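To start, the structure under review is shown below, and the notes come after it.
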Amino acid sequence: MLEIVDRGILSHVPGRGAYFPCVRVLQDGTLLAAQHVGSGLCCPDNHIEVLRSTDGGRNWANEGSIHGGLPADGWCYRAPMLAPLEDGTLLMAAARYLLDNDEMYNPATEGLKPTQMVLFRSSDQGRSWSAPEVVPNPLPPERYVSSLSGQLLILAPDRWMYPFETWKPDGYEGPVDQKAGAVFSSDQGRTWDEWSVVADDPEERLHYADQMQAVLPDGRIYTTLWTRTWGVGQGEDVNDHWVVSEDAGRTWSDPRPTNLQGQLCAPIALPDGRVAAIYNYRREPQGVHVALTEDLENYDVENQAVVFRAGEETMTAKAVDEFIDAHQKIAFGRPWGILLPDGDLLVYFWCTVDSVTHNRWVRLRVS
């Protein structure tokens with residue numbers, strides 16, 4: 001069972017949007033959050049901020065941009081994901097997009113402008129950050145762009161996993177080949193010379209996007225995927241799918257459907273072997289839900305918790321003609337969460353209420 005025991009605001013600033021929150025517990029027990037902010041979800045002024053809480057997440061101090069303000073390097077930065085190391089170092093994975101006539105995406109060609117996966121490091125608990133390190137795209141760049149999709153996993157000191165998803169670059173005239181994959185480093189991110197396909201449909205009947213991961217107590221990697229029948233602006237969501245790796249990401253099971261009729265779906269592994277999934281529910285009444293499973297496939301939707309109920313401002317993707325435009329009109333999204341030291345779940349997501357797009361958190365008790 002899931003019980004909501006507390007809720008609040010992570011970041012709320014009128015006049016700008018805050019998106020894609022990520023929270024981690026630091027060694028001293030404080031919470032550090034990262035988010036990307038800007039005038040819109042996919043706008044050229046997107047950049048990354050960090051926030052800190054010393055009271056378990058009830059109040060947050062915004063420590064500002066990791067770039068020292070708007071980035072001056074010609075890129076916009078999105079979708080930060082934090083990963084702490086045992087030595088106290090913090091890592092932050094993110095995606096960045098080259099600014100070109102204020103466009104990330106060309107609707108005429110359905111192509112993305114140059115895109116890179118990047119990695120930042122901090123040795124002072126997130127107060128300052130290194131320059132971005134580029135994580136190489138393992139696929140032919142004339143055919144694919146790759147961006148961060150999910151969280152950086154530190155599986156062992158000599159095995160880091162950086163998950164990605166593919167799209168096509170602007171200028172490529174063929175169809176999109178969207179797949180979920182991951183690159184791996186055996187030397188703490190200095191090189192990334194191994195990669196694997198997490199999920200792909202060679203016939204392009206289904207597209208697997210927004211993979212999200214959890215490491216189970218037995219060491220397996222459990223990944224959920226937003227799954228759609230293909231067609232830009234015309235595809236339909238099907239049930240979220242899942243895959244699992246038993247060998248630290250080298251090989252993956254075939255995708256199987258869950259019973260969750262969602263979109264983005266983030267799993268949190270519980271110590272007893274169950275998984276809690278936070279997911280976007282895009283049917284009426286729309287919102288952000290949390291459900292539990294014991295077998296990785298069948299979730300207890302009868303006893304799920306609703307942590308956000310979308311209001312009148314929510315717009316669905318079905319009314320628009322193309323993929324990125326659809327994403328910019330969705331008024332809530334990218335939920336995720338962590339297991340806190342006391343056993344509660346802290347889930348977080350962005351939403352738009354009263355014309356302010358902001359990030360919220362909800363604390364859940366699991367029984």
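Remember, predicted model here, so these are calculated numbers, not experimental data.
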Quiz item: cation-pi between Arg360 and Phe349, 6.0 Å / 45°: no
Cation-pi geometry met for Arg282 and Phe332 (6.0 Å, 45°): yes
Full working for salt bridge (charged side-chain N to carboxylate O under 4.0 Å, His left out) between Glu133 and Arg121: CA-CA 9 Å; Glu133 305 166 20; Arg121 302 175 194 250; 2.6 Å; yes
How are the rings of [X] and [Y] set to each other: parallel, tilted or perpendicular (split at 30° and 60°)?
X	Y	value
Tyr19	Trp350	perpendicular
His67	His47	perpendicular
Phe120	Tyr77	tilted

Taking atom [atom1] of [X] and atom [atom2] of [Y], what is their separation to the nearest 0.5 Å?
X	Y	atom1	atom2	result
Glu204	Asp200	CD	CG	6.0 Å
Lys179	Gln211	NZ	CD	12.5 Å
His36	Cys76	NE2	SG	8.5 Å
Leu345	Leu2	CG	CG	7.0 Å
Leu82	Leu26	CG	CG	8.5 Å
Gln27	Leu85	CD	CG	9.5 Å

Side chain to side chain contact (heavy atoms under 4.5 Å, CB included) between Leu112 and Asp170, worked out: CA-CA 5 Å; Leu112 280 174; Asp170 190 29; over 6 Å; no
Testing the basics here: between [X] and [Y], what is the closest heavy-atom pair and its distance to 0.1 Å?
X	Y	answer
Leu152	Ala93	CB-CB, 4.2 Å
Val238	Leu206	CG2-CD2, 4.3 Å
Asn280	Gly333	ND2-CA, 3.5 Å
Ala33	Val23	CB-CG2, 4.0 Å
Leu32	Gly126	CD2-CA, 4.1 Å
Leu225	Ala180	CD2-CB, 3.8 Å

Taking the side chain from [X] and the backbone from [Y], do they hold a donor-acceptor pair closer than 3.5 Å?
X	Y	result
Glu63	Arg52	no
Ser122	Ser128	yes
Asn239	Thr258	yes
Asn137	Pro141	no
Thr191	Asp193	no
Glu165	Asp210	yes
Thr224	Cys265	yes
Gln35	Ile48	no
Arg143	Pro140	no
Thr357	Thr352	no

Over 12 non-hydrogen atoms of neighbours within 6.0 angstrom of CD in Glu246: no
Heavy-atom neighbours of Glu142 CD exceed 12 at 6.0 Å: yes
Salt-bridge criterion met for [X] and [Y] (N-O under 4.0 Å):
X	Y	result
Arg16	Glu49	yes
Asp6	Arg363	no
Glu294	Arg274	no
Asp73	Arg96	yes

Under a 3.5 Å threshold, yes or no: a donor from one side chain and an acceptor from the other, between [X] and [Y]?
X	Y	result
Ser186	Asp158	no
Gln304	Glu302	no
Asp45	Ser39	yes
Asp177	Tyr144	yes
Trp242	Glu297	yes
Trp226	Asp240	no
Gln213	Gln151	no
Thr229	Glu236	no
Asn259	Asn298	no

Verdict with supporting geometry, Leu364 and Val347, side chain to side chain contact (heavy atoms under 4.5 Å, CB included): CA-CA 8 Å; Leu364 293 167; Val347 305; 4.1 Å; yes
Indicate if [X] and [Y] have the same hydrophobic cluster label, given that clusters are the connected sets of ILVMFWY residues with side-chain heavy-atom separations under 4.5 angstrom.
X	Y	value
Phe164	Leu91	yes
Met212	Leu296	no
Leu41	Leu98	no
Val244	Tyr279	yes
Met117	Trp192	yes

CA sep, side-chain torsions, deciding dist, call: Gln178, Trp167, side chain to side chain contact (heavy atoms under 4.5 Å, CB included): CA-CA 5 Å; Gln178 187 174 36; Trp167 197 254; 3.9 Å; yes
Chi angles and distances behind the side chain to side chain contact (heavy atoms under 4.5 Å, CB included) call for Gln286, Tyr281: CA-CA 5 Å; Gln286 298 190 48; Tyr281 187 73; 5.6 Å; no
Pair Glu194-Arg159, salt bridge (charged side-chain N to carboxylate O under 4.0 Å, His left out): steps then yes or no: CA-CA 10 Å; Glu194 178 192 341; Arg159 190 160 184 82; 2.9 Å; yes
Test side-chain hydrogen bond (donor to acceptor under 3.5 Å, both in side chains) applied to Gln263 and Asp237, step by step: CA-CA 7 Å; Gln263 288 186 351; Asp237 294 337; 2.6 Å; yes
Derivation and outcome, side-chain hydrogen bond (donor to acceptor under 3.5 Å, both in side chains), residues Ser196 and Trp252: CA-CA 9 Å; Ser196 67; Trp252 296 85; 3.3 Å; yes
